[in-house]
Amino acid sequence: MGKHALLSASSSHRWLNCPPSVRLSESYEDKGSSYAAEGTDAHTLCEYKLKVALGLPAKDPTENLTYFSEEMEECANGYAAYILEQVETAKEKCSDPVVLIEQRLDFSKYVEGGFGTGDCLIIADSEIHVCDYKHGQGILVEAEDNPQMKLYALGALEIFDGIYDIDTVSMTIYQPRRNNISTHTVSKESLYQWANEILKPTAELAFAGEGDFKCGDWCGFCKAKYECRTRAEHNMELAKYDFKRPPLLDDYEVEDILSKIDGLISWASDIKDYALQSAVSGKQWNGWKLVEGRSTRRFTDEAAVAKAVSAEGFDPYEQKLLGITAMTSLIGKKRFEDVLGSYIEKPQGKSTLVPESDKRPPINTVQHDFNEI
């Protein structure tokens, strides 16, 4: 069995919505990314920190971590402290809760070949608590109705439901770089119902390469996203408007375009990246050619330049304050808050139009204020 399951928990949001994307993606190389590598380093550090906090033997991995930083260490310390808090909470229900770290979780009863690794499990008599660390700071990840967490929970139930009298499963996403701790609790029965009615039949379709292709936010994580016909056709639907002058569009048409335009922009960007990389690799596109882009002049030897300018009596350097993200990484999140917290302000953001499902509260417009007078 390979390192990753074909129907993995981490990709379940995609294959549950678009089952045939699994087989469609098989021929594409898994190139990885620096973000994934950084996440792996962070998980390794979290595992070490938690084991130390629990008094378990562990070897410090820091010197082997490519992406180690003060910020990563603070995130890992925070994660370990959070887990310890959960263990103490579990002790209120059970005197000797079981804590498992980096536990392999097999959910192949519902998903062919399905398995994953739970960052931490806490079992306290009638409750299983599944905790997952997320190091990313781009997309905010919620625990509610999160299929990855539900698959981990099913894997945990496979191990412990016959040993303990489990009735409740809690699932927590710990995402420190977004100040996000999201917990969702469900009954064991509701999880099994979802597994039998939704998960299992959809996983069978996905494993067989059957079902309907469907375009959505999950496409961003699909290896076939550049060439997928369904995604192309979905985005090209906007062409029906023929991009008439805005005054010719009614409100319904504008609302329809708004609901699709982010996906269109993302798809168009993916197509441009794919075409460029293919051209660099030797692909010839009819009507297109590969040329040098614009470039800016640069020094060939910065040390020699600095020496030459200094000899002329000038200071070749400028001092520039680090940005908030770089400064936080330099001195650590806690020290940043202690030393610089009073110097931070968050000005009002630029107005942005978002779907009603967005959790941010609406802002008052001039027209709204006028109507209230």
Side-chain angles (χ1 to χ4, degrees), residues 2-43 67 105 107 111-119 132-152 171 173-175 177-178 180 182 198-199 202-203 205-207 209-235 259-278 355 357-358:
K3 185 178 180 181
H4 301 291
L6 177 66
L7 301 179
S8 68
S10 59
S11 65
S12 56
H13 178 53
R14 172 172 58 79
W15 57 257
L16 279 166
N17 283 286
C18 183
S21 66
V22 175
R23 293 298 182 187
L24 188 67
S25 302
E26 274 190 305
S27 60
Y28 291 86
E29 180 185 358
D30 188 357
K31 298 180 179 178
S33 70
S34 59
Y35 299 111
E38 184 182 26
T40 299
D41 278 1
H43 275 79
Y67 295 92
L105 300 170
F107 45 85
V111 178
E112 180 77 28
F115 70 94
T117 303
D119 293 337
D132 192 52
Y133 178 87
K134 300 290 187 192
H135 195 65
Q137 59 181 349
I139 299 175
L140 186 73
V141 186
E142 300 285 358
E144 185 174 0
D145 203 29
N146 184 309
Q148 180 182 10
M149 297 303 292
K150 290 197 284 191
L151 286 171
Y152 287 162
M171 297 161 281
I173 298 287
Y174 185 89
Q175 190 178 16
R177 298 169 86 193
R178 291 295 304 264
N180 175 40
S182 174
I198 305 294
L199 174 63
T202 308
L205 287 175
F207 191 80
E210 299 174 349
D212 296 327
F213 289 101
K214 187 178 177 183
C215 183
D217 60 0
W218 48 87
C219 293
F221 302 99
C222 182
K223 294 176 188 173
K225 64 182 179 181
Y226 305 106
E227 300 167 278
C228 176
R229 183 170 301 281
T230 298
R231 190 182 183 212
E233 290 175 349
H234 174 86
N235 285 295
S259 70
K260 297 172 180 173
I261 203 160
D262 284 346
L264 174 65
I265 292 170
S266 175
W267 172 70
S269 177
D270 286 341
I271 290 295
K272 288 185 68 175
D273 289 344
Y274 168 72
L276 173 60
Q277 293 307 315
S278 297
S357 57
D358 191 282

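What you see is a predicted model, and the numbers here were worked out from it, not measured in a lab.
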May I ask you to decide if [Y]'s main-chain N or O and [X]'s side chain share a donor-acceptor pair within less than 3.5 Å?
X: Q175; Y: I139; value: yes
X: T40; Y: A36; value: yes
X: K225; Y: C219; value: no
X: D132; Y: M149; value: no
X: R23; Y: F207; value: yes
X: H43; Y: G39; value: yes

Atom pair NZ/CG of K260 and D262 - distance to nearest 0.5 Å: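 One gets 13.5 Å once the value is rounded to the nearest 0.5 Å.
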CD on Q148 to OG on S8, rounded to 0.5 Å: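 Answer for the OG-CD pair, S8 versus Q148, is 8.0 Å.
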Taking the side chain as C-beta and beyond, is there a heavy-atom pair between [X] and [Y] under 4.5 Å?
X: E26; Y: L6; result: yes
X: S25; Y: R14; result: yes
X: F213; Y: L24; result: yes
X: K150; Y: D145; result: yes
X: S266; Y: R231; result: yes

Geometric class of the Y274/Y226 ring pair [parallel <30°, tilted 30-60°, perpendicular >60°]: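 Because their plane-to-plane angle is under 30°, the rings of Y226 and Y274 count as parallel.
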Modelled atom types, side-chain donor and acceptor of D217 and H13, under 3.5 Å: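 On atom types as modelled, these side chains qualify, holding a pair under 3.5 Å.
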Distance-only donor-acceptor check, side chains E142 and S182, under 3.5 Å: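 Side-chain D/A pair, E142 to S182: present.
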Just checking [X]: does its [atom1] atom have more than 12 heavy atoms from other residues, nucleotides or ligands closer to it than 6.0 angstrom?
X: K214; atom1: NZ; answer: no
X: F221; atom1: CZ; answer: no
X: L276; atom1: CG; answer: yes

I need the minimum non-hydrogen distance between [X] and [Y], along with the two atoms involved.
X: A206; Y: W15; value: CB-CE3, 4.3 Å
X: L199; Y: L16; value: CD1-CD2, 4.0 Å
X: P19; Y: L205; value: CB-CB, 4.1 Å
X: A203; Y: V111; value: CB-CG2, 3.9 Å
X: T230; Y: C215; value: CG2-N, 4.4 Å
X: N146; Y: I173; value: ND2-CD1, 4.2 Å

Test log, rule side-chain contact (heavy atoms from CB on, under 4.5 Å), inputs Y67 and S34: CA-CA 9 Å; Y67 295 92; S34 59; 3.5 Å; yes
